[in-house]
Amino acid sequence: MENHHASEMDGVVAEYLNMCIESKHNDLCKKEKDSKDSADADRLCNIEKAYSTVLSELGEDVDREGLLRTPLRAAKAMQFLTKGYKETTQDILNDAIFDENHDEMVIVKDIDLFSLCEHHLVPFFGKAHIAYLPNKKVVGLSKLARIVEIYSRRLQVQERLTKQIASAISEALEPAGVAVVIEAVHMCMVMRGVQKMNASTVTSVMLGSFHDDPKTRKEFLALTMRK
């Protein structure tokens with residue numbers, strides 16, 4: 001009887017301790033979240049003030065009706081347009097890579113992308129075409145578009161963006177090859193500078209078999225460039 005009572009007490013104590021540990025963990029998580037939210041709010045406020053200064057230095061009246069909330073809107077927009085800094089490929093790929101006995105080319109083409117040129121902070125936009133040759137592993141197709149999104153939502157140059165996308169896929173899947181082509185229009189060439197309305201830029205990165213085997217590369221380009 002005493003042993004049974006002692007066992008019950010041990011169970012109650014263990015449950016109580018677990019509750020305390022869980023409560024403490026929740027408190028720590030909440031404090032971490034509150035701290036993160038506070039830091040994000042501070043950053044938003046600082047960006048808002050910076051936009052207000054820019055508008056003032058341009059000669060605008062930041063107190064007129066049309067501009068009262070413009071610095072805040074612009075700050076929020078900039079945070080969204082650069083949200084890729086807070087995201088990683090590991091975050092989105094952990095549960096989306098599958099073992100599969102498939103070794104033929106996988107292509108996802110015409111992935112819309114929007115980014116900001118790091119030289120003038122004006123947009124460039126276009127489409128990305130991605131292919132990989134599986135090495136016993138495949139990835140959820142939407143994740144390829146998500147990888148494009150992560151790296152394009154940063155201040156970029158198109159050449160680096162193309163390479164980052166290809167490298168991320170190669171590191172995550174270890175495939176036999178990866179190919180990425182980006183076609184984009186840069187507003188820094190359209191709205192300012194040379195002002196060439198119809199100019200577009202094409203960049204490519206070929207890794208593994210796509211780099212080493214001309215036939216594989218030719219097949220990819222034929223399939224992706226075909227309209």
Item checked: Steps toward salt bridge (charged side-chain N to carboxylate O under 4.0 Å, His left out) verdict (Arg153, Glu87) -> CA-CA 10 Å; Arg153 294 299 186 184; Glu87 300 172 333; over 6 Å; no

Note to self: Could you go through Glu149 and Lys83, starting from their C-alpha distance and side-chain angles, then the distance that decides it, and tell me whether this counts as salt bridge (charged side-chain N to carboxylate O under 4.0 Å, His left out)?
What the structure shows: CA-CA 9 Å; Glu149 181 78 1; Lys83 66 186 180 75; 3.8 Å; yes

Next item on the list: Please report the C-alpha distance between Glu118 and Arg154 in whole Å, then the side-chain angles of each, then the deciding distance to 0.1 Å, and finally whether the side chain to side chain contact (heavy atoms under 4.5 Å, CB included) criterion is met.
Entry: CA-CA 9 Å; Glu118 67 179 28; Arg154 303 178 182 185; over 6 Å; no

Checklist line | CA sep, side-chain torsions, deciding dist, call: Gln158, Thr203, side chain to side chain donor-acceptor pair (under 3.5 Å) | finding: CA-CA 7 Å; Gln158 185 174 328; Thr203 51; 3.1 Å; yes

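Residues Ser167 and Leu207 come closest through the heavy atom pair N-CD1, 4.4 Å. Considering all non-hydrogen atoms of both residues, Phe210 and Ala131 come closest at CZ-CB, 3.9 Å. Taking every heavy atom of both residues into account, Val205 and Ala166 meet most closely at CG1-CB, 3.7 Å.
Hydrophobic clustering of Ile, Leu, Val, Met, Phe, Trp and Tyr side chains at less than 4.5 Å, counting indirect connections, unites Val178 with Leu161. Note on Val139: it clusters hydrophobically with Val106, by side-chain heavy-atom contacts below 4.5 Å among ILVMFWY residues. A single hydrophobic cluster is seen to contain both Val181 and Leu223, as judged by linkage of ILVMFWY side chains at heavy-atom distances under 4.5 Å, directly or through other members. Connection of Leu116 to Phe80 is established within a shared hydrophobic cluster, with ILVMFWY side chains joined at heavy-atom distances below 4.5 Å, either directly or through further cluster members. Put simply, Ile111 and Val180 are part of the same group of oily side chains (I, L, V, M, F, W, Y) that touch within less than 4.5 Å, one to the next.
Taking 4.5 Å as the limit, every side-chain heavy atom of Met187 sits out of range of all side-chain heavy atoms of His120. Counting heavy atoms from C-beta outward, Ile97 and Leu173 have side chains that approach closer than 4.5 Å. At least one side-chain heavy atom of Leu133 sits under 4.5 Å from a side-chain heavy atom of Met105.
Here the rule is side chain to side chain contact (heavy atoms under 4.5 Å, CB included) with Leu144, and of Leu93, Ile165, Val108 only Val108 fits it.
Salt bridge status for Asp112 with Lys127: present, with a side-chain N to carboxylate O gap under 4.0 Å.
A donor-acceptor pair under 3.5 Å links the side-chain atoms of Tyr85 to the main chain of Leu155, judged by distance alone.
With rounding to the nearest 0.5 Å, the separation of CE in Met206 from OG1 in Thr162 is 10.0 Å.
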